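Okay, so here's the structure we're looking at.
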Protein chains: 2
Amino acid sequence: MGKVSPGIDAAAWLRGHGLRATHGRIAIVRRLDASRVPLTLADIHAKVRAAGCDFATVFRFISILEEKDLVERVAWIDGTTRHEIRARNGPHHHHHYLICRTCQKVEPIDQCVVEQVENQIAKERGYAALSHSLQLSGVCPECQAKPKMKGKK
Amino acid sequence: MGKVSPGIDAAAWLRGHGLRATHGRIAIVRRLDASRVPLTLADIHAKVRAAGCDFATVFRFISILEEKDLVERVAWIDGTTRHEIRARNGPHHHHHYLICRTCQKVEPIDQCVVEQVENQIAKERGYAALSHSLQLSGVCPECQAKPKMKGKK
DNA sequence: ATATTTGCAAACCTTTTGCAATCTG
DNA sequence: CAGATTGCAAAAGGTTTGCAAATAT
């Protein structure tokens, strides 16, 4: 649902956006499409290097996708920069996640509760072209149950 | 109000937290205290280097303050890592900002509208020790009025 | 006086770029 | 075939660490 399609034809998707379909790019799009959460360049590279795709290619191609607004860059709460294929739900960009500070598990939040906040606050001040990033973090039920081993970062 | 105090006695504040009051540290605390928005290490260093405080000192001391939970690290929406002195409003950490994507202006949002969201969503899933980071971005009224000069980042 | 903290410089690691070779349409 | 794209390797940025000298208590 947030995916480009279930098991998409990456080559067709690429050409449909006026992009050349090389092996590396196809692997990158597949990787992005398969993830429900934003990935770091290293994450992506780890999965596509087997296909002979260089880190520089990941870097450059992700930049291209971001310029075309097909991928969005997210400043993750742990300080890493991540990238996410953009769901086609209109001009609004949603990035709602629940992150466990202990096990680093990430759960997307589907509800659009922030919409009201966004409209209320930002429009009150006359802002246009709004977007937002909300990351909630805490300790998940599983980690609360486990013996406490402080894994700081 | 989010400040340690108006024109605080940094040395006393430091000793009060069991930290040695060196010139560099005093300058760093003053800088943090004077800002309503999170700062990068470079921001802080730029202001304290005149006082002969090295970048490494800024780096190490901020790390110490963060371990003691006196300063909080924030993954800013532009990908930079920023640091903010922690307001004493309880265990809840608030980071609500309205950021202009054109002029980079930052306006803190005082309202705690996310509280409901946080409690609703996170507790529904059994998370503990919640905190959140919300950054709204858009184009401020002033920038909407100005002639459009696309300053990307 | 003594343990802590600092400045300096080097080590790291991630991000970015140049260029010749390779591939796509 | 021609221009776009890639791999490789080096450059650039920001972060982190070691160590001897300086500092706070």
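Lettering of chains follows the sequences in order, A, B, ..., and the numbering in each one begins at 1. Predicted model only: the values in this text are computed from it and were never measured. Side chains included, hydrogens not; waters and symmetry mates left out as well; all remaining heavy atoms used.
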Under a 4.0 Å heavy-atom criterion, DNA chain C is touched by chain B from C/dA3 to C/dC8
Q) Do B/E66 and B/H83 meet the criterion of a side-chain donor-acceptor pair at a distance under 3.5 Å? A) yes
Inset, instruction - Report yes or no: do A/R20 and A/T22 form a side-chain donor-acceptor pair below 3.5 Å? - result: no
The answer to which of B/F55 and A/A51 contacts DNA chain D further toward the 5' end, by nearest nucleotide, is A/A51
Between B/A56 and B/H23, the residue closer to the 5' end of DNA chain D by nearest nucleotide is B/A56
Only one of A/V58, A/I28, A/T57 passes side chain to side chain contact (heavy atoms under 4.5 Å, CB included) with A/H45, and that residue is A/V58
Review point. Can you tell me if B/S63 uses its side chain to pair, donor with acceptor, with the backbone of B/F59 under 3.5 Å?
Key: yes
Requested in this report: Would you confirm whether A/D33, through its side chain, and A/R30, through its main-chain N or O, come within 3.5 Å as a donor-acceptor pair?
Outcome: no
**CA sep, side-chain torsions, deciding dist, call: B/V29, B/H17, side chain to side chain contact (heavy atoms under 4.5 Å, CB included)** = CA-CA 12 Å; B/V29 170; B/H17 286 289; over 6 Å; no
When all nucleic acid strands are considered with a 4.0 Å heavy-atom cut-off, which category describes [X]: base, sugar-phosphate, or nothing?
{"X": "A/R49", "value": "nothing"}
{"X": "B/A42", "value": "nothing"}
{"X": "A/R25", "value": "sugar-phosphate"}
{"X": "A/F61", "value": "nothing"}

[N] [atom2] sits how many Å from [X] [atom1], rounded?
{"X": "A/K68", "N": "D/dA4", "atom1": "NZ", "atom2": "C1'", "answer": "13 Å"}
{"X": "A/R15", "N": "D/dA4", "atom1": "CZ", "atom2": "C1'", "answer": "14 Å"}
{"X": "B/D54", "N": "D/dT15", "atom1": "CG", "atom2": "C1'", "answer": "13 Å"}
{"X": "A/R20", "N": "D/dC1", "atom1": "CZ", "atom2": "C1'", "answer": "11 Å"}
{"X": "B/H45", "N": "D/dG13", "atom1": "NE2", "atom2": "P", "answer": "17 Å"}
{"X": "A/H17", "N": "D/dA4", "atom1": "NE2", "atom2": "P", "answer": "20 Å"}
{"X": "B/F59", "N": "D/dT15", "atom1": "CZ", "atom2": "C1'", "answer": "6 Å"}
{"X": "A/I28", "N": "D/dT6", "atom1": "CD1", "atom2": "C1'", "answer": "11 Å"}

Item checked: Short side-chain N/O contact from B/T22 to OP1 or OP2 of D/dT23, under 4.0 Å -> no
- side chain to side chain contact (heavy atoms under 4.5 Å, CB included) between A/L65 and A/R86: does it pass, once the steps are laid out? CA-CA 10 Å; A/L65 292 176; A/R86 194 169 265 186; over 6 Å; no
